[in-house]
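Everything on this sheet refers to the single structure shown next.
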Amino acid sequence: MPVHNADIARTFEEIADLLEIGDANPFRVRAYRNAARVVGELQLDIAATLARGAELPKLPGIGEDLAGKMHEIASTGHCALLDRLRRKMPPAITELLRVPGLGPKRVKALYRELDVQTLEQLYRAAREGRIRKVHGFGEKTETNILQSVEERLSKARRFKLAVATQYADALADYLRRSRGVGNVVVAGSLRRMRETVGDIDILATAGASSDVMSRFVAYGEVKEILSHGDTRSSVVLKSGIQVDLRVVPQESYGAALHYFTGSKAHNIAIRRLAQQRGLKLNEYGVFDGKRRVAGGTEESVFAAVGLPYIEPELREEHGEIEAARAGRLPRLVELSDLKGDLHSHTRWTDGRHSVEEMALAAKARGLVYLAITDHSRRLTVAKGLDPDRLRKQIDEIAGIAVPGITLLKGIEVDILEDGTLDLPDSVLQELDVVVAAVHSRFDLSRERQTERILRALDHPLVSILAHPLGRLIDAREPYDVDMLKIIRKAASRGRFLELNAHPERLDLFDTHCRMAKDEGVLVSINSDAHAIHEFDNLKYGIGQARRGWLEKRDVLNARPLAELKRFSAFRGS
DNA sequence: GCCGTTTTCGGCCCGACTGTTTTCAGTCG
């Protein structure tokens with residue numbers, strides 16, 4: 001059984017939970033939690049690296065002891081410390097920490113006083129009114145626990161970026177109509193453009209006389225008010241998503257926006273920088289003793305700790321602070337940089353609009369070229385094109401002239417199980433762009449899946465590999481491939497990788513964008529639009545690309561058409 | 001458990017809200 005990074009991360013997380021319940025030094029607990037995060041986000045396969053006999057790079061917050069434990073877990077699948085902790089404490093007890101409102105102290109008290117070890121026992125104790133009798137607990141706490149368990153810990157649910165954005169924008173608009181309110185902005189993981197978000201964070205600036213907070217809790221979509229204070233409140237909307245609103249005075253806008261945007265790991269790192277300079281940073285500003293020295297804008301906060309402005313999408317404590325200090329921050333690509341879209345569908349297959357309608361919609365969004373890339377014949381459910389129908393479509397496209405936008409003749413051709421393409425070269429070579437994609441046999445082994453895609457990239461007529469991992473967020477895992485090999489093949493053959501902007505896909509991942517950039521492979525940010533409104537999804541692709549540190553020069557379709565045509569992948573080679 | 005442009009020891013991000021307790025601990029973000 002190979003040990004994955006996620007297994008090591010989970011082990012560290014469980015150790016942290018058990019240590020915390022066991023009243024260990026909180027900084028020791030934090031060290032394990034930090035290690036779990038670092039390992040979980042690491043691209044490098046730890047067990048495989050160690051198995052090769054190679055050294056692990058020095059990882060932040062991981063010293064001799066934790067590195068040793070990583071070795072131990074990778075080679076044996078076990079960790080002696082965890083085994084020991086599990087013997088001291090019923091291991092199921094850690095699931096109690098997931099109950100909102102229960103932390104290590106209360107879990108320990110419930111275990112000691114009532115021998116509560118599992119969710120079922122917790123539920124029974126609450127139902128029987130035994131919890132309120134424990135010191136430090138009361139009737140209200142007992143009711144809250146009961147309710148949390150009954151809701152089956154729904155907090156774990158995450159929302160796709162595009163879905164959460166709709167709720168957030170509507171609520172922000174509503175709050176902007178409050179009396180005496182200044183800025184209202186969406187912060188948190190939504191502002192960082194994470195693929196999915198756990199909750200919505202909104203920041204408002206207002207004075208004491210504003211009614212923004214009372215309006216917030218009175219919002220028609222609110223199902224439940226979790227907390228309600230002067231400067232901070234939390235609610236759950238009918239859709240099930242939690243929203244936190246924070247209100248600060250105008251002069252604290254920048255500091256609060258930075259604080260409320262996160263990520264948590266980034267914030268902690270920035271606060272440590274402030275501390276090293278003898279400053280204190282909180283959501284109200286940067287302070288030298290009692291004197292406020294910054295905080296009106298985010299720029300001023302960064303400047304106070306000696307850094308240039310860092311874009312929200314980079315704030316994950318993934319090297320952005322070091323890059324900022326060295327003056328090597330990327331100038332991230334922007335939506336307005338896109339000049340074209342190289343993946344779209346029409347009514348010829350499973351799209352909902354005509355070629356001309358799609359062209360007009362793309363042009364309306366400022367694009368100057370659009371590739372029509374309908375499906376190939378194997379995808380029968382989508383009425384995939386055979387050579388005959390594809391030639392008819394090519395003729396149709398040739399006859400359509402929409403001023404201001406150039407239409408490219410293309411195809412999204414299936415990569416068959418053996419790595420060959422679903423259409424003959426004779427018809428493919430009549431096209432401007434060939435987008436190749438896997439739509440079947442997601443279950444192949446890593447070796448065979450990788451070989452299949454490498455072979456497709458070797459095909460002289462393939463331009464772009466579409467949605468390289470095939471994942472559907474929350475619905476289908478990515479297929480198992482060696483992304484580094486694929487990226488290197490693309491580099492050696494002069495091919496391109498797609499970053500599919502559809503909010504269900506967002507495929508490439510951010511980490512692979514960085515990998516592609518490092519290997520010199522341009523990324524094409526494509527909408528995969530099946531209808532005219534879906535060109536709007538390009539903004540989510542841009543968000544993902546920015547999280548992957550991509551600049552304008554790293555993006556294929558940020559280049560003018562004339563430049564694209566000079567690439568061998570667009571001429572066939 | 002980690003880490004060092006004050007340190008190899010002694011620090012480790014910071015504030016709001018709730019509920020229970022009578023001045024604050026626990027939890028959360």
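These numbers come from the heavy atoms of this one structure, side chains and all, not from hydrogens, waters or symmetry mates. Every chain is numbered from 1, with letters handed out A, B, ... down the list of sequences.
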Look at the side-chain N and O atoms of [X] and state whether any lies under 4.0 Å from the OP1 or OP2 oxygen of [N].
| X | N | result |
| --- | --- | --- |
| Asn144(A) | dG19(B) | yes |
| Ser227(A) | dC28(B) | no |
| Lys264(A) | dG29(B) | no |
| Asn267(A) | dC13(B) | no |
| Arg28(A) | dG1(B) | yes |
| Lys105(A) | dG19(B) | no |

request  = Assign Pro26(A) to base, sugar-phosphate, or nothing according to its heavy-atom contacts below 4.0 angstrom with the strands shown.
outcome  = nothing
ask   = Stepwise, does the side chain to side chain contact (heavy atoms under 4.5 Å, CB included) test hold for Val301(A) with Tyr259(A)?
value = CA-CA 10 Å; Val301(A) 173; Tyr259(A) 159 77; over 6 Å; no
ask   = So Ile21(A) and Leu96(A), side chain to side chain contact (heavy atoms under 4.5 Å, CB included) or not? Walk me through it.
value = CA-CA 10 Å; Ile21(A) 297 170; Leu96(A) 299 181; over 6 Å; no
ask   = Does any donor-acceptor pair link the side chain of Tyr259(A) with the base of dG29(B) at a separation under 3.5 Å?
value = yes
message = Between the base of dG1(B) and the side chain of Asn25(A), is there a donor and acceptor pair under 3.5 angstrom?
response = yes
ask   = Counting only N and O atoms by type, is there a donor-acceptor contact under 3.5 Å from the side chain of Arg476(A) to the main-chain atoms of Gly470(A)?
value = yes
